[in-house]
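Note sheet for the following structure.
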Amino acid sequence: MAWSTRFLTAVAFLAVGVVFAPDVLGSGPESPAAAVSAAKLCHLLAFATAWGAALWVTFIGGIIMFKYLPRHQFGNLQRKMFPAYFMVVSVCAAVSVAAFAYLHPWRSASSIERYQLGFLLSALGFDLSNLLVFTPMTIEMMKKRHKIERDLNIGQEVGGAKNKEAAKTNPQLAAMNKKFGMIHGLSSLANITAFGSLAMHSWYLAGKLHF
């Protein structure tokens, strides 16, 4: 995913540039109507994609897969899916930041708009922390734990009951479970925090709708 990492880096730099140097792109009250409409469309589509993806992966797809797939099969699927997922939501968050900062330059933005930009930046930061730090660490820990479990002839069952039982008599597995749980917990916390930041922004957007 080297190409996507480069693309994300470019978008992230663009977002930061728009936040701290909005005049470079001519943002503000005097912006052309076409540019304003394009920025609104980019923001809406990027936000909706990030929100929908986070909602599905966090509360629906991941839970269903965990309940019905053998654990190692589930883990191997997550190993391929999570980097792509966090790449998508990170790019979408970066686009949302750039578009919102273009529409609401910091110097002329109201306090509410500044808070919203803060929520979007928070979502971007936590998504990037997952993409670049927690997900690679979680995947590496999972590989090591799978190896230990294969040696114990477990991991093909659904659910974690056999793992918990084996860990009671296997200090190596117990230690690996503890490390994996800590890293996975940090990853989940970052994901939930990013989702919460998007939820706060969705409330703001709902207040702007006129039916």
Side-chain angles (χ1 to χ4, degrees), residues 1-13 46 49-95 121-199:
M1 300 182 71
W3 67 269
S4 54
T5 302
R6 290 192 290 269
F7 175 71
L8 173 59
T9 301
V11 174
F13 272 108
T49 300
W51 169 264
L55 178 67
W56 174 262
V57 171
T58 305
F59 298 106
I60 303 174
I63 294 175
I64 292 174
M65 287 187 288
F66 178 77
K67 290 178 64 176
Y68 294 103
L69 288 178
R71 280 197 310 107
H72 283 189
Q73 185 178 342
F74 168 73
N76 290 331
L77 177 60
Q78 297 290 71
R79 185 174 68 183
K80 299 296 184 181
M81 187 178 72
F82 269 23
Y85 161 63
F86 286 120
M87 176 63 70
V88 168
V89 293
S90 294
V91 168
C92 288
V95 171
L121 283 169
S122 174
L124 174 59
F126 283 111
D127 287 334
L128 285 175
S129 70
N130 249 324
L131 175 66
L132 302 175
V133 180
F134 296 131
T135 293
M137 293 175 67
T138 301
I139 290 174
E140 188 61 30
M141 289 289 181
M142 184 184 67
K143 289 179 181 178
K144 294 179 180 179
R145 189 167 75 158
H146 280 190
K147 183 179 184 305
I148 297 174
E149 290 178 333
R150 282 195 297 270
D151 293 340
L152 297 173
N153 293 318
I154 61 174
Q156 299 308 313
E157 72 284 352
V158 176
K162 288 188 177 181
N163 173 283
K164 293 178 181 178
E165 288 298 318
K168 293 178 181 178
T169 57
N170 189 308
Q172 186 182 14
L173 179 59
M176 187 58 63
N177 283 346
K178 185 177 180 179
K179 292 179 181 178
F180 177 83
M182 181 181 67
I183 299 301
H184 185 265
L186 290 173
S187 176
S188 297
L189 179 61
N191 185 53
I192 288 293
T193 305
F195 181 82
S197 297
L198 293 178

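Please read these numbers as outputs of a predicted model, since none were measured by experiment. Hydrogens, waters and symmetry mates are skipped; everything else that's a heavy atom, side chains included, is used.
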Chi angles and distances behind the side chain to side chain contact (heavy atoms under 4.5 Å, CB included) call for Met65, Gln78: CA-CA 9 Å; Met65 287 187 288; Gln78 297 290 71; 3.7 Å; yes

By salt bridge (Lys or Arg N to Asp or Glu O under 4.0 Å) - contacts of Glu140 (at least two apart): none

Note, Lys143 side chain near Arg79 side chain (heavy atom, < 4.5 Å): yes

Verdict with supporting geometry, Asp151 and Lys147, side chain to side chain contact (heavy atoms under 4.5 Å, CB included): CA-CA 6 Å; Asp151 293 340; Lys147 183 179 184 305; 3.8 Å; yes

Counterpart residues, salt bridge (Lys or Arg N to Asp or Glu O under 4.0 Å), relative to Arg71 (two or more places apart): Glu149, Glu157

CE-NZ distance between Met141 and Lys178, expressed to the nearest 0.5 angstrom: 12.5 Å

Parallel, tilted or perpendicular, as decided by the 30° and 60° cut-offs, for the rings of Phe66 and Phe74: perpendicular

Gap between atom CZ of Phe59 and atom CD1 of Ile192 - 0.5 Å precision: 4.0 Å

Separation between CG of Asn191 and OH of Tyr85, rounded to the nearest 0.5 Å: 4.0 Å

Pairs touching residues 124-172 that satisfy ring-ring contact (aromatic ring centres under 6.0 Å, His included), sequence neighbours left out: His72-His146

Any donor-acceptor N/O pair, Ser188 side chain to His184 backbone, under 3.5 Å: yes

Distance in Å, Ile139 CD1 paired with Lys144 NZ, rounded so as to fall on 0.5 Å steps: 13.5 Å

Rounded distance [0.5 Å steps], CG in Asn163 versus CE in Met176: 11.5 Å

Verdict with supporting geometry, Phe180 and Asn177, side chain to side chain contact (heavy atoms under 4.5 Å, CB included): CA-CA 5 Å; Phe180 177 83; Asn177 283 346; 5.6 Å; no

Full working for side chain to side chain contact (heavy atoms under 4.5 Å, CB included) between Val158 and Lys67: CA-CA 7 Å; Val158 176; Lys67 290 178 64 176; 5.8 Å; no

Atom pair CZ/CG of Phe82 and Leu131 - distance to nearest 0.5 Å: 12.5 Å

